[in-house]
Amino acid sequence: MSRAWIGLGSNLDRPRQQLERAFQALDTLPESRLAARSSLYRSAPMGPADQPDYLNAVALLETALEPLELLDRLQAIEQAQGRKRERHWGPRTLDLDLLLYDDLVMDHPRLRLPHPGIGQRDFVLIPLLELAGELEIPGWGRASRLLAKCTSRTARRIG
Ligand code: ROI
């Protein structure tokens, strides 16, 4: 089994419910098990400020799905939850980002690993560190060190 870290985000259509449903959907993926889920965090939007705050969280999936197969499954969950994305960096119903997959570094037209945004996003690093305080991001070093260098810190744990 591989370990896949997935970032969840929503700021439209009842975000808390969106994330709860997404955790359930992740747990029912084939050849996969939801091994851990972080608390939920509220964060100010990165990007245009004229949109609601986000709810963010992170899931750890143990899976036998290959990365691109997993990506397809994540996109299917987004679609099944009526994904809306009105503009670039605008509000969205549900985002599921594949953040890390074991120690894999890959640069594919559909998928870059580690996720290129991790280092700048406190709303990803804080829930990752809640679940794995010693986590190493391949090519970049410790998640805790990346968080210390994050200039924007708005994520607050809400349970
Ligand atoms: N901002 C926050 N705080 N959380 C997100 O999940 C998020 N997702 C996005 C953009 C628009 C970049 N901003 C975000 O895709």
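Remember, it's a predicted structure, so these values are computed and weren't measured experimentally. Every number for a ligand or one of its atoms is a count from 1 in the order of the listing.
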Enquirer: Kindly say whether L34 contributes a backbone atom to a donor-acceptor pair with the side chain of D27 at under 3.5 angstrom?
Expert: yes
Enquirer: Quick check: S43 and ligand 1, any N/O pair under 3.5 Å apart?
Expert: yes
Enquirer: Is a side-chain donor-acceptor pair under 3.5 Å present for T93 with D13?
Expert: no
Enquirer: Does ligand 1 have any atom sitting under 4.0 Å from a heavy atom of P45?
Expert: yes
Enquirer: Identify the closest protein heavy atom to atom 13 (N) of ligand 1: which residue and atom is it, and at what distance?
Expert: M46 O, 2.8 Å
Enquirer: Is it the case that the side chains of S32 and E62 hold a donor-acceptor pair, with the cut-off being a distance below 3.5 Å and no angle test?
Expert: no
Enquirer: For S10 and L55, indicate whether the former's side chain and the latter's backbone hold a donor-acceptor pair under 3.5 Å.
Expert: no
Enquirer: Should one rank V124, N11, N56 by closest heavy-atom distance to atom 6 (O) of ligand 1, which comes out on top?
Expert: N56
Enquirer: I'd like to check which ligand 1 atoms, numbered from 1 as shown, lie under 4.0 Å from a non-hydrogen atom of D95.
Expert: 15 (O)
Enquirer: Give the atom numbers and elements of ligand 1 that come within less than 4.0 Å of a heavy atom of A44.
Expert: 2 (C), 3 (N)
Enquirer: Between the side chains of Q18 and R92, is a donor N or O closer than 3.5 angstrom to an acceptor N or O?
Expert: no
Enquirer: Considering only non-hydrogen protein atoms, determine which one is nearest to atom 7 (C) of ligand 1 and report residue, atom name and distance to 0.1 Å.
Expert: Y54 CE2, 3.6 Å
Enquirer: Hey, does R92 sit under 4.0 Å from ligand 1 if you only count heavy atoms?
Expert: yes
Enquirer: Would you say that more than 12 heavy atoms from the other residues, nucleotides or ligands in this model lie under 6.0 Å from the CG of D103, or not?
Expert: no
